[in-house]
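The structure appears right after this line, and notes come after that.
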Amino acid sequence: MGLRNRYLYTEYNIFFITTTCYNWYKLLSVHNNMNLIAENLKYYAQKYELSILAYVIMPNHIHMILNFKRGSDRIAFMRDFKKFTSTQIRKEIELHEPEMLKKLFYSKGKQKFKIWQDRFDELFIISQDLFETKMQYIHNNPIQEHWSLVEEPEDYLYSSASFYNREEENILPLVHYKDVF
């Protein structure tokens, strides 16, 4: 799914993006980290003038479908989002699960802890059918047997499923994909 030479994909604007916590640790489920991720997605969506079309924040990864005004902005968006949230997540872990810090120790240059995997995966969305397939995958994440976080996708707070399936307000400002395709 990851694109090498991602800077070449500047003519595309809608991307399915996945980023994962270091070693798949469930860092996002520590204390307030899911709310922290949601707030930062909101902030960076405004800063980079992008639309959030679908998302799910899981205990150890995030899936998002984002519509960028300029496809090349996604690289800077992910760099800034991951850099800023790394510090905030580490502080939450330090306060609420300090024993976890030993697992996150990573000394390279100025970096002392690692929160996110180095890369992020992306797939450009070229059709409504592909969008709907990826959105269904995103929304079904919390009900997968491995997770079993809720009974129905719409019941998971950190997902766009209730926005699409129940037409409910969401914790993030969402743009309906039918307004884009």
Mind checking ring pair (Phe, Tyr, Trp, His ring centres under 6.0 Å) for F131 and listing every partner two or more places apart, or none if nothing turns up? Y177, F181

Answer yes or no: is there a donor N or O on one side and an acceptor on the other, between the side chain of K82 and the main chain of R119, under 3.5 Å? yes

Just say parallel, tilted or perpendicular for the rings of H139 and Y164, cut-offs at 30° and 60°. tilted

Name the orientation class of the two ring planes belonging to H96 and H31 (parallel below 30°, tilted from 30 to 60°, perpendicular beyond 60°). parallel

Does a side chain donor of either E132 or Q128 reach within less than 3.5 Å of an acceptor in the other side chain? yes

In sequence, state the C-alpha distance, the side-chain angles, and the governing distance for L130 and L123, and then conclude on side-chain contact (heavy atoms from CB on, under 4.5 Å). CA-CA 10 Å; L130 181 58; L123 173 72; 4.3 Å; yes

Aromatic plane relationship, H63 with F16 - under 30° parallel, 30 to 60° tilted, over 60° perpendicular: parallel

K91 and E94 ion-paired at < 4.0 Å: no

Are R166 and D155 within salt-bridge range, i.e. N to O under 4.0 Å? yes

Output yes when a side-chain donor or acceptor of N140 lies under 3.5 Å from a complementary backbone atom of P153, and no otherwise. no

Knowing that exactly one of W116, Y22, F81 qualifies, which makes a side chain to side chain contact (heavy atoms under 4.5 Å, CB included) with S86? W116

Are the side chain of N33 and the backbone of L27 linked by a donor-acceptor contact shorter than 3.5 Å? yes

My understanding is that only one of I62, T133, I65 makes a side chain to side chain contact (heavy atoms under 4.5 Å, CB included) with I138; could you say which? I65

Using 30° and 60° as the class boundaries, would you call the ring planes of H61 and W147 parallel, tilted or perpendicular? tilted

